[in-house]
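See structure below.
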Amino acid sequence: MASDTPYSARVRVTELLERGKAQTTLLEVYRNGSQIVPTSATYSILKPDNQYIVQNGSTTILVDGTIQYSHTPAQLHSTLVLGEGYVQEYNVTISGEVFTFRRMAAVVLKRLYPVISDADLEEVYTDLASLRPSSITSYQTYIDSAWYTILRRLRTVGAGYEYLVTSPEAFAEAHRHLSLYLIFRDFHSSLGQSNGRYLDLAQEHYKLYQDEFHVINFVYDEDHSGKPEDSNKRKAAQPTIYLNRPGPYMYRRRYGTR
């Protein structure tokens, strides 16, 4: 009888695979607050037409249990269709049983990388380095968490795909404020205060993050060419929502009617 244990695969965002490059994909599996060390695992990836690029490929299990598969440039060759619809499958053996974990993937020309670091946070609060707990050497965990949150939100609101954005600096302020919100919220929680300076700072930066996200606009590569369609034409991260029917001029522009 198969186990119904709900193991958790850490899947935070769509996996982006750059076409024509060697690169590694990773998966971590957790249960009861601990990372699981599987007995074995295989890796597959399917194209949008359900044809395999890799089928049951051998993986490496790292010491901490992380499952690793290394793609070759030949597997991610230059004729692969760019965009969404690829699916990764990990068949993971845990305590004698096989569990299948899936993650959506996209084949892209370039990834979108964040543009802030600890230095950008310390520009706002010069004492931030001295406030950092001794158990960590940087605020990178908060910065990464904020970045993944922004990427998920970008997709959720229908603003577009992150790998088609050609102006990453457009996200800098929203990313900085969300990182500071996560830091100060954690400070507030770990100190056990019901109110106080860190709670106020967390709330302030969350509001600033919301304000900044709503005014983000970026240069976008509509046709996967690697270049923006028009560097003077920008796309909003927060699309306009119309609560009534758009006027006839907008209808003509969108649908090409006359």
Do Tyr161 and Val108 come within less than 4.5 Å of each other through their side chains, counting heavy atoms only? no
Is any side-chain heavy atom of Ile136 less than 4.5 Å from a side-chain heavy atom of Pro133? yes
Can you tell me how far OG of Ser95 sits from CD1 of Ile36, rounded to the nearest 0.5 angstrom? 7.5 Å
Judged by atom type as modelled, is there a donor-acceptor pair below 3.5 Å linking the side chain of Ser34 to the main-chain atoms of Arg31? no
Under a 4.5 Å side-chain heavy-atom rule over Ile, Leu, Val, Met, Phe, Trp and Tyr, are Val87 and Leu17 clustered together? no
Answer with yes or no whether the hydrophobic clustering places Tyr52 together with Val107; edges join I, L, V, M, F, W, Y residues whose side-chain heavy atoms lie under 4.5 Å apart. no
Heavy-atom check, side chain of Thr149 versus side chain of Arg152, under 4.5 Å: yes
Heavy-atom pair with the smallest gap, counting every atom of Leu178 and Ala146: CD2-O, 3.5 Å
Given the rule in the side-chain contact (heavy atoms from CB on, under 4.5 Å) test, do Thr24 and Tyr69 qualify, once you have shown the distances and angles that lead to the verdict? CA-CA 6 Å; Thr24 300; Tyr69 181 82; over 6 Å; no
Reported OG-to-CG distance for the pair Ser44 and Asn56, which is rounded to 0.5 angstrom: 4.0 Å
So, do Tyr148 and Arg12 sit near enough that their side-chain heavy atoms are less than 4.5 Å apart? yes
Donor-acceptor contact below 3.5 Å, side chain Ser167 vs main chain Glu169: no
Can you tell if the side chain of Trp147 reaches within under 4.5 Å of the side chain of His175, non-hydrogen atoms only? yes
Measure from the side-chain N and O atoms of Glu97 to the backbone N and O of Ile94, and report whether any donor-acceptor pair falls under 3.5 Å. no
Closest non-hydrogen atom pair, Tyr209 against Ala174: CD1-O, 3.4 Å
Counting only heavy atoms not in Arg102, do more than 12 fall under 6.0 Å of its CZ? no
Is there side-chain contact between Leu16 and Tyr86, with at least one heavy-atom pair below 4.5 Å? no
Does Glu122 use its side chain to pair, donor to acceptor, with the backbone of Asp120 at less than 3.5 Å? no
Under a single-linkage definition using a 4.5 Å side-chain heavy-atom cutoff for Ile, Leu, Val, Met, Phe, Trp and Tyr, are Ile183 and Val124 assigned to the same hydrophobic cluster? yes
Stepwise, does the side-chain contact (heavy atoms from CB on, under 4.5 Å) test hold for Ile216 with Glu212? CA-CA 6 Å; Ile216 287 173; Glu212 289 292 342; 5.5 Å; no
Establish, from distance only, whether the side-chain atoms of Tyr30 and Glu28 form a donor-acceptor pair under 3.5 Å. yes
Quick check for you: to the nearest 0.5 Å, what is the distance between His205 atom NE2 and Arg185 atom CZ? 14.0 Å
Between Pro168 and Tyr113, the two heavy atoms sitting closest are CB-O, 3.8 Å
Give the intermediate values and the outcome of salt bridge (Lys or Arg N to Asp or Glu O under 4.0 Å) for residues Glu84 and Arg155. CA-CA 12 Å; Glu84 305 287 299; Arg155 284 171 171 261; 3.0 Å; yes
Going by side chain to side chain contact (heavy atoms under 4.5 Å, CB included), Arg176 matches just one of Leu121, Ile143, Leu208. Which one? Leu121
Nearest heavy-atom approach of Glu18 to Gln23 is O-NE2, 2.6 Å
Mark yes or no for whether Ser78, through its side chain, and Gly20, through its backbone, hold a donor-acceptor pair below 3.5 Å. no
Answer whether the closest heavy-atom distance between the side chains of Ile53 and Leu80 falls below 4.5 Å. yes
Under the criterion side-chain contact (heavy atoms from CB on, under 4.5 Å), I'd like the reasoning laid out for Ser179 against Ile116: C-alpha separation, chi angles, the key distance, then a yes or no. CA-CA 10 Å; Ser179 300; Ile116 75 161; 3.7 Å; yes
Distance-only side-chain donor-acceptor flag, Thr166 / Asp221, under 3.5 Å: no
Common cluster, Val11/Tyr43, ILVMFWY with side-chain heavy-atom separation under 4.5 Å: yes
For the residue pair Asp64 and Thr66, confirm or rule out a side-chain donor-acceptor distance under 3.5 Å. yes
Does Tyr181 form a ring-ring contact (aromatic ring centres under 6.0 Å, His included) with His188? I'd like the steps, not just the answer. CA-CA 10 Å; Tyr181 160 71; His188 166 68; over 10 Å; no
Do Phe184 and Tyr206 make a side-chain contact, defined as non-hydrogen atoms from C-beta onward lying under 4.5 Å apart? no
Consider only side-chain heavy atoms of I, L, V, M, F, W and Y, link residues closer than 4.5 Å, and tell whether Leu109 and Leu151 are in one cluster. no
Ring centers of Phe99, Tyr7 separated by less than 6.0 Å: yes
In terms of heavy-atom contacts, Ala172 and Val115 come closest through CB-CG2, 3.7 Å
Using the rule given for side-chain contact (heavy atoms from CB on, under 4.5 Å), can you reason through Leu164 versus His224, listing the C-alpha separation, both sets of side-chain angles and the distance that settles it, and then say yes or no? CA-CA 7 Å; Leu164 296 179; His224 297 262; 3.7 Å; yes
Between Glu15 and Thr25: side-chain donor-acceptor atoms closer than 3.5 Å: yes
Do Phe171 and Phe218 have their ring centres less than 6.0 Å from each other? yes
Looking only at heavy atoms, which two atoms of Pro38 and Val92 are closest? And how far apart? CB-CG1, 3.5 Å
Nearest 0.5 Å, what's the CD-CZ distance between Glu204 and Arg197? 10.5 Å
For Arg103 and Tyr90, which I'm curious about, is there any donor-acceptor pair between the side chains at under 3.5 Å? yes
Taking Asp118 for the side chain and Tyr139 for the main chain, is one N or O donor matched with an acceptor at less than 3.5 Å? yes
With a 3.5 Å distance limit and no angle check, can you tell me whether Thr93 reaches the backbone of Thr39 through a side-chain donor-acceptor pair? no
